[in-house]
There are 2 protein chains.
Amino acid sequence: MSTLAGIDQVFSALADATRRDIVRRAIDGTEGVAELAEHYPMSFAAVQKHVAVLERAGVITKERTGRRKVVRTNLDGLLIARRLLDTYEDLWRGRYGRMTDLITDRKETHA
Amino acid sequence: MSTLAGIDQVFSALADATRRDIVRRAIDGTEGVAELAEHYPMSFAAVQKHVAVLERAGVITKERTGRRKVVRTNLDGLLIARRLLDTYEDLWRGRYGRMTDLITDRKETHA
DNA sequence: CGCTGATACAACCGTACGGTTGTATTAATG
DNA sequence: CATTAATACAACCGTACGGTTGTATCAGCG
C-alpha cells in the first residue's frame, strides 16, 4: 500500500539537493530522521518535512525499529521517474528512426 | 553553449504535467510556441513561460525559422536527470550486491 | 508511572511559482 | 515603410514551498 504517487510529486521531490542527498543516504536504510538531520545545516523539523515530502512521493519509506524510524529509499518510486525519461528517449530515437527511414528509403541527398 | 543547467532545474522543470507534455510534443521539433499554446487551456503567455522554464533547464531549445521559433526537446538535458536516477539504481543494486555477497559467502540460512 | 529520546505536527514568515493582462520587440509581407 | 504575425517581457495576484520555533504524540527505560 501507499508508495503510489504521481509523477509531479516524484519529480518535484527530487528537485531539491537536500532531498536528493537524503535519498542517496537512505539507500543503505540505516539512519533515522534525527541521524539524517545531523548532516544538514538546518533544523530537525526542516529535515523531517523533507522526509515527509519524499515519503508522500513514494520515494522513501519509514520503518519503525525501536524508538526510531529508519528511512529507506524505495526504488519503485524512483522507477516512476525513470520510466518517463525512458519513454522520452524512446520517442526521440523513434523520431530519428523515422528520419533515417526516409533518408535510406528515398536516397535523398540535398537539404 | 547553453543547454547546461542544474539538476534542480531539470527536475523541477519536469515536475509539471503541462511542461512534460510540451517536452513530449517538442520531440518532433515542428511546432512553434503559438502552436504549442493551442493545445492547452491557458493563455499564450503562460505557455511561453513554461517553454522558458524548460529552455533555462536545458530540456528544450528554440530555433528561429522564419518568424516562428521552433521548439525542440534536447535529449542531453533529459540525460542529466536520467544519469542521477541511474546512479541511485546502481547504488541500490550495489547494496543488494553486498547483501547477497554476505549471504552466499557464509551460507547463512535463517533471518 | 514518570522521564527522556525520537518523531510528528501546527503556526508563522518570506520568497518563488503558475497563472493572468498588457505592452514591447522582432521579422516577414503588401 | 507600415502592418501584422510571433515571440518576449513586466507587473500583478493567489497559493505553495522551504525554512523557522513551539508544542504534541509515542515508544522505551529506570
Side-chain angles (χ1 to χ4, degrees), chain A residues 2 5-26 28-74, chain B residues 2 5-26 28-74:
Chain A
S2 79
I7 303 186
D8 283 37
Q9 292 163 65
V10 174
F11 275 101
S12 79
L14 292 175
D16 180 286
T18 302
R19 286 197 290 260
R20 284 194 303 275
D21 197 66
I22 292 175
V23 168
R24 183 185 60 77
R25 286 201 139 95
D28 289 334
T30 58
E31 297 188 302
V33 184
E35 284 128 306
L36 282 172
E38 283 169 9
H39 301 300
Y40 310 106
M42 64 187 74
S43 69
F44 169 83
V47 174
Q48 196 263 331
K49 270 184 164 187
H50 280 307
V51 171
V53 168
L54 290 166
E55 186 177 29
R56 257 180 273 122
V59 170
I60 61 105
T61 59
K62 281 178 289 191
E63 186 193 352
R64 172 135 253 148
T65 70
R67 53 176 70 183
R68 300 186 319 144
K69 276 197 177 175
V70 169
V71 179
R72 165 170 292 121
T73 109
N74 176 27
Chain B
S2 82
I7 302 186
D8 284 37
Q9 292 163 63
V10 174
F11 275 101
S12 79
L14 292 175
D16 179 286
T18 303
R19 287 198 289 261
R20 285 194 303 274
D21 196 66
I22 292 175
V23 168
R24 184 185 59 78
R25 287 201 139 94
D28 290 333
T30 58
E31 298 189 302
V33 184
E35 284 129 306
L36 282 172
E38 283 169 9
H39 300 300
Y40 310 105
M42 64 187 74
S43 69
F44 169 84
V47 174
Q48 197 262 332
K49 270 183 164 189
H50 280 307
V51 171
V53 168
L54 290 167
E55 187 177 29
R56 257 179 274 123
V59 169
I60 61 104
T61 59
K62 281 180 287 191
E63 185 193 352
R64 170 136 254 149
T65 69
R67 52 176 71 182
R68 300 186 318 144
K69 275 196 175 174
V70 169
V71 179
R72 165 170 291 123
T73 109
N74 176 27

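This is a predicted model, so every value here is computed, not measured. Within every chain, numbering begins at 1; the chains are lettered A, B, ... in the order of the sequence lines, protein sequences first and strands thereafter.
- Interatomic distance, B/R25 CZ to B/R20 CZ, rounded to the nearest 0.5 Å: 14.0 Å.
- Rounded to whole Å, the distance from CG on B/L54 to P on D/dA8 is 13 Å.
- The OH atom of A/Y40 sits 12 Å away from the P atom of D/dG19 (whole-angstrom rounding).
- A straight line from CZ of A/R68 to P of C/dA8 spans 13 Å, rounded to a whole angstrom.
- One distance of note links CG of B/L54 with CG of B/N74; it measures 11.0 Å at 0.5 Å rounding.
- The CD1 atom of A/I22 lies 12.0 Å from the CD atom of A/E55; values are rounded to the nearest 0.5 Å.
- Here the P atom of nucleotide C/dG5 and the CD atom of A/E35 are 14 Å apart, to the nearest Å.
- With sequence neighbours left out, A/D28 forms a side-chain hydrogen bond (donor to acceptor under 3.5 Å, both in side chains) with no residue at all.
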**Q.** Protein-to-nucleotide contact annotation, 5' to 3' order, nucleotides 20-30 of chain C [B base; S sugar-phosphate only; - none; under 4.0 Å, heavy atom]
**A.** BB-----SBS-
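- At the phosphate of D/dA8, OP1 or OP2 sits under 4.0 Å from a side-chain N or O atom of B/K69.
- When rounded to the nearest whole Å, the span between CG of A/D8 and P of D/dT15 equals 19 Å.
- Between B/Q48 and D/dA8, a side-chain N or O to OP1/OP2 separation shorter than 4.0 Å is present.
- Rounded to whole angstrom, the span from the CD atom of B/E38 across to the C1' atom of D/dA6 amounts to 12 Å.
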